Structures are given as structure tokens and as C-alpha cells.
Asks: 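Here's a structure for you.
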Amino acid sequence: ALPIFVFTVTLKLALDTRFWTWINHFVIWGSLAFYVFFSFFWGGIIWPFLKQQRMYFIFGHMLGSVSVWLTIILLILISLYPEILLIIANNLKRSDQKNTLRSNKAEAAQSTTVRPLLFRTFSDESNVL
């Protein structure tokens, strides 16, 4: 359960990042690499004060199972699915607004006629709100 939580929170942070720098990459992907390394290291230590070593190298044994990998990936995708849908919906809405704004600008540019100041009359100025 802990690997799912760590990877989900880190990937959520990656999805919320707007501007990527080398520091962002180092921290986000480095924290995931450090978590995996630390889990292998912590699980591989034989503790001298424990009488039984039932949890010895459990992380390595756990990741050797295909069902654990599928469960981890599936639960991460399920937990990030609403966030991914929101990002897609916002991008579609933003592109639709840009297209509407472009078409409104094109219509406004075609409908307005620019006349030189010398040709304007007072009746033209009174019609403008």
C-alpha cells in the first residue's frame, strides 16, 4: 500500500507542475528512485536484535510478482484517473475558448470599417455607443 501512495502522490505532483526545470526533474524522479532504493536497503538489513527475520528482503520478493505489479499500476491509474480527466477537460475547454475568441476577432475585424478622420461626420460619431 505504501508504494502506491508514494507513487500516486509524486505523480500527482508531477501533473500539477506547470514549468519543468532540471531541479523539478531531479526532485520528483529522484524521490521515487530514492524510495525504491531505500525500500530495498531497509528490507535487506539483517537486524541483530530481532529473533526472527520474517520481513527480510520482502520488497524484492514482492516486486518479483506480476500480480503485485499489475495491482500497483492499476491502483495508481485509478487514483489519478479523475485528475487526468480534469486536465483533459480543461485543455479542451481552453482550446475551445481560444477558437471562439479567434472567430470573434475575425468577425469583428470584418464588420468594422475604418474610415479616415477627415471623412467622419457628426452623425457617424453619434451612432457609436
Side-chain angles (χ1 to χ4, degrees):
L2 190 59
I4 296 166
F5 178 71
V6 170
F7 274 80
T8 300
V9 170
T10 306
L11 291 174
K12 170 74 168 92
L13 179 67
L15 287 174
D16 287 343
T17 301
R18 290 181 182 222
F19 302 104
W20 285 89
T21 62
W22 67 271
I23 296 172
N24 292 82
H25 285 288
F26 178 75
V27 170
I28 289 175
W29 310 127
S31 66
L32 290 177
F34 179 77
Y35 171 74
V36 171
F37 171 75
F38 184 76
S39 296
F40 276 114
F41 174 73
W42 189 257
I45 295 175
I46 297 177
W47 298 99
F49 53 87
L50 295 176
K51 294 180 182 176
Q52 294 180 346
Q53 299 288 326
R54 288 181 282 178
M55 300 299 282
Y56 179 68
F57 206 61
I58 189 71
F59 195 71
H61 292 295
M62 183 180 75
L63 293 181
S65 172
V66 175
S67 62
V68 171
W69 276 103
L70 290 175
T71 303
I72 289 173
I73 292 170
L74 185 65
L75 287 175
I76 290 172
L77 289 177
I78 288 171
S79 60
L80 291 176
Y81 187 69
E83 183 69 25
I84 292 170
L85 286 180
L86 282 174
I87 290 171
I88 291 171
N90 286 338
N91 287 341
L92 289 175
K93 187 170 91 173
R94 194 174 303 130
S95 67
D96 187 42
Q97 288 174 348
K98 284 181 183 178
N99 290 339
T100 304
L101 186 62
R102 284 182 192 152
S103 65
N104 288 344
K105 282 184 180 179
E107 290 173 4
Q110 291 174 355
S111 66
T112 59
T113 56
V114 178
R115 297 188 333 175
L117 190 58
L118 294 175
F119 294 131
R120 288 189 178 189
T121 61
F122 288 111
S123 61
D124 289 339
E125 297 297 325
S126 64
N127 292 334
V128 176
L129 295 177

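Scope of the values below: all heavy atoms of this structure, side chains included, with no hydrogens, waters or symmetry mates. Everything quoted here is computed from the prediction, not taken from an experiment.
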Asks: Kindly indicate whether the side chain of Ile72, heavy atoms from C-beta on, has any atom under 4.5 Å from the side chain of Phe7.
Replies: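 Contact flag for Ile72/Phe7 side chains = no.
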
Asks: Please check if Ile4 and Tyr81 belong to a single hydrophobic cluster, counting links between Ile, Leu, Val, Met, Phe, Trp and Tyr side chain heavy atoms closer than 4.5 Å.
Replies: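 No.
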
Asks: Please walk me through it: do Trp20 and Ile28 pass side-chain contact (heavy atoms from CB on, under 4.5 Å)?
Replies: CA-CA 10 Å; Trp20 285 89; Ile28 289 175; 3.6 Å; yes

Asks: Taking all non-hydrogen atoms of both residues, which atom of Phe19 and which atom of Thr17 are closest, and how far apart?
Replies: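 It is O-CG2, 3.5 Å.
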
Asks: Any sub-3.5 Å donor-acceptor pair from Ser65's side-chain atoms to Met62's backbone N or O?
Replies: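 No.
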
Asks: Val9 versus Leu13: any side-chain heavy-atom pair under 4.5 Å?
Replies: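 Not in contact.
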
Asks: Hey, could you give me each pair passing salt bridge (Lys or Arg N to Asp or Glu O under 4.0 Å) that has a residue in residues 59-70? Not counting sequence neighbours.
Replies: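 Counting only pairs at least two positions apart or across chains, no salt bridge (Lys or Arg N to Asp or Glu O under 4.0 Å) contact touches residues 59-70.
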
Asks: Which heavy-atom pair separates Pro82 from Ser79 by the least distance, and what is that distance?
Replies: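 Scanning both residues, the minimum pair turns out to be CD-O, 3.8 Å.
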
Asks: Could you tell me how the ring of Phe34 sits relative to the ring of Phe38: parallel (under 30°), tilted (30 to 60°) or perpendicular (over 60°)?
Replies: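 Geometry flag for Phe38 against Phe34: parallel rings.
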
Asks: Listing request: all side chain to side chain donor-acceptor pair (under 3.5 Å) pairs with a residue in residues 27-37, at least two apart in sequence or in separate chains.
Replies: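 Listed by first then second residue: His25-Trp29.
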
Asks: Between Leu2 and Val68, is there shared hydrophobic-cluster membership here, with clusters defined by ILVMFWY side-chain heavy atoms closer than 4.5 Å?
Replies: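 Shared cluster, yes.
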
Asks: So which atom in Leu80 and which in Leu15 form the shortest heavy-atom distance, rounded to 0.1 Å?
Replies: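 Between these two residues, the closest heavy atoms are CD2-CD1, 4.3 Å.
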
Asks: Looking at Thr8, Asp16, Thr10, which one forms a side chain to side chain donor-acceptor pair (under 3.5 Å) with Lys12?
Replies: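 Only match with Lys12 under side chain to side chain donor-acceptor pair (under 3.5 Å): Asp16.
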
Asks: Applying the 4.5 Å side-chain criterion to the ILVMFWY set and letting contacts propagate, would Ile23 and Phe26 be lumped into a single cluster?
Replies: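 Yes, one cluster joins them.
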
Asks: Which residue in the set Leu75, Leu74, Ile73 passes side chain to side chain contact (heavy atoms under 4.5 Å, CB included) when paired with Leu77?
Replies: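 Filter result, single survivor: Ile73.
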
Asks: Considering only heavy atoms from C-beta outward, does the side chain of Asn90 approach that of Ile87 to under 4.5 Å?
Replies: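 Sidechains of Ile87 and Asn90: no contact.
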
Asks: Val6 pairs by side chain to side chain contact (heavy atoms under 4.5 Å, CB included) with which of Leu11, Leu32, Val36?
Replies: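 By the side chain to side chain contact (heavy atoms under 4.5 Å, CB included) criterion, Val6 pairs with just one of Leu11, Leu32, Val36: Leu32.
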
